[in-house]
**Q** 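Have a look at this one before I ask anything.
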Number of protein chains: 2
Amino acid sequence: MYSIGDLSRRTQVKVPTIRFYEGKGLLPKPERTAGNQRRYDEAALKRLLFIRHCRDLGLPLIDVVGLLSLEGAAGSDLNRAHEIAEKQLADVRDRIARLQNLEAELTRISVACDGKHDHVCAVLHAFGDHSECMGTHSHKK
Amino acid sequence: MYSIGDLSRRTQVKVPTIRFYEGKGLLPKPERTAGNQRRYDEAALKRLLFIRHCRDLGLPLIDVVGLLSLEGAAGSDLNRAHEIAEKQLADVRDRIARLQNLEAELTRISVACDGKHDHVCAVLHAFGDHSECMGTHSHKK
DNA sequence: TGTAATTCCTCTAGTAACTAGAGGTTCAAG
DNA sequence: CTTGAACCTCTAGTTACTAGAGGAATTACA
Ligand SMILES: [Zn+2]
Ligand SMILES: [Zn+2]
Ligand SMILES: [Zn+2]
Ligand SMILES: [Zn+2]
């Protein structure tokens, strides 16, 4: 049996985060000692490692829940996992494209000023003026 | 004089967001009509356009505040704008790199399963198992 | 001028995924 | 048996908004 601290060390998930996951229903409520402290078994450890890896892959918790619910599933139910993977991949690609647009504009902006700063700063000006931009850009969906 | 709705239409910033910016001190408190409705001048419009563009470049509001405070500045104070631009550029590049790692892993994961789903799904399995990954990956700083 | 549609007002709460802190209890080692 | 580390619950803060309730002002039109 593991204490919450043991689980934290083995998964690199912080203690308050483990409690948070329990509150959200991602981890089942564990047994408790006589003194009310949590004690986890091997299954809980595996489940938390699964969650951890999904988070490292950028999945939102709602999709982690979806994947966890597929434990023990078979047949076409498992297609849900493929959907989640492809949605996430599409999302990541979309974000990369947006960030590359940002990178281009910010690169242009960063070198716009000669640094003399007599009266104005071209960087400051460029931050406010989209008409000088090379294309569209927005960090958000 | 513009109503808050006029300002919203001209900047594409939503009405509640304009009020939110006012509350945060990014926009000065505007004049009001006898009936307590906000009325904005040209300067407010320009300021909001500035904020909008900074946000589209992904700057956090704290840095937008920093840039706004540079209005009318001169000399070395303006270097602050360069710092903000370069920090943002570095941050964007870092995020791109992370997302490219994610993209690689998710691509691998997405094609891992043959779709038969007799008993297991290789996609589902890959979501939980970092040992199959090609490298490190984490979506967060 | 009357009235109806639209826009505006304030305030609270909800979003995602945690993180930090307060104030107090239990556990493990020596 | 006494420390000190680890644990407990609960609340609130983070970012940048967005949604909704309940009500008042403005505008357009007849
Ligand atoms: Zn400059
Ligand atoms: Zn632009
Ligand atoms: Zn599959
Ligand atoms: Zn991995």
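All figures in this text were calculated on a predicted structure; none of them were measured in a lab. Chain naming here is simple, since letters A, B, ... match the order of the sequence lines and numbering starts at 1 in each.
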**Q** C/dA17, C/dT19, C/dT10: which one has an atom nearest the side-chain heavy atoms of A/Thr17?
**A** C/dT19
**Q** If each of A/Gln37 and A/Phe20 is mapped to the nucleotide of DNA chain C with the nearest heavy atom, which maps nearer the 5' terminus, i.e. the 5' end?
**A** A/Phe20
**Q** Nearest to the side chain of A/Asn36 - D/dT9, C/dC18, C/dC27?
**A**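 Nearest listed nucleotide: D/dT9.
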**Q** For D/dT9, does OP1 or OP2 lie under 4.0 Å from any side-chain N or O of A/Arg38?
**A** yes
**Q** Select one nucleotide: of C/dC18, D/dT18, D/dT26, the one nearest the side-chain heavy atoms of B/Arg39.
**A** D/dT26
**Q** Determine whether a donor-acceptor pair (N or O, by modelled atom type, separation under 3.5 Å) exists between the side chain of A/Ser110 and the backbone of A/Thr107.
**A** no
**Q** Nearest 0.5 Å, what's the OH-CZ distance between A/Tyr21 and A/Arg52?
**A** 8.5 Å
**Q** Starting the side chain at C-beta, find the nucleotide from C/dA17, D/dC8, C/dC27 nearest to A/Ile4.
**A**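 Closest nucleotide among those given: D/dC8.
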**Q** Take the protein atom NZ of A/Lys141 and the nucleotide atom C1' of C/dT15, then report the distance between them rounded to whole Å.
**A** 14 Å
**Q** May I ask you to verify if any side-chain N or O of A/Ser3 is less than 4.0 angstrom from the OP1 or OP2 atom of D/dC7?
**A**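 Indeed, a polar side-chain atom of A/Ser3 lies that close.
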**Q** Grab the CZ-C1' distance between B/Arg52 and D/dA16 for me, whole Å please.
**A** 14 Å
**Q** Would you say B/Lys14 places a side-chain N or O within less than 4.0 Å of OP1 or OP2 belonging to D/dT18?
**A** yes
**Q** Are A/Leu59 and A/Leu67 close enough that some pair of their side-chain heavy atoms sits under 4.5 Å apart?
**A**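 Yes, close enough: below the 4.5 Å cut-off.
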**Q** A/Glu22 has an atom CD; how far is it from atom P of D/dC7, in whole Å?
**A**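 In whole Å, D/dC7 P lies 14 Å from A/Glu22 CD.
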**Q** Is there a side-chain contact between B/His130 and B/His137 in this structure, where contact means two heavy atoms from C-beta onward sitting under 4.5 Å apart?
**A**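 Answer yes - side chains close enough.
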**Q** Can you check whether B/Lys140 has a side-chain N or O nearer than 4.0 Å to OP1 or OP2 of C/dC18?
**A** yes
**Q** Between B/Arg19 and C/dC11, is there a contact of a side-chain N or O with OP1 or OP2 at under 4.0 Å?
**A**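 For C/dC11, OP1/OP2 do not have a side-chain N/O of B/Arg19 under 4.0 Å.
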**Q** Between C/dA16 atom P and A/Leu26 atom CG, what is the distance in whole Å?
**A**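 One finds 13 Å between P of C/dA16 and CG of A/Leu26, rounded.
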**Q** Are the side chain of B/Asp41 and the backbone of B/Ala44 linked by a donor-acceptor contact shorter than 3.5 Å?
**A** yes
**Q** Would you say B/Tyr21 places a side-chain N or O within less than 4.0 Å of OP1 or OP2 belonging to D/dA16?
**A** no
**Q** Just N and O in the side chain of A/Arg32: are any of them under 4.0 Å from OP1 or OP2 of C/dC27?
**A** no
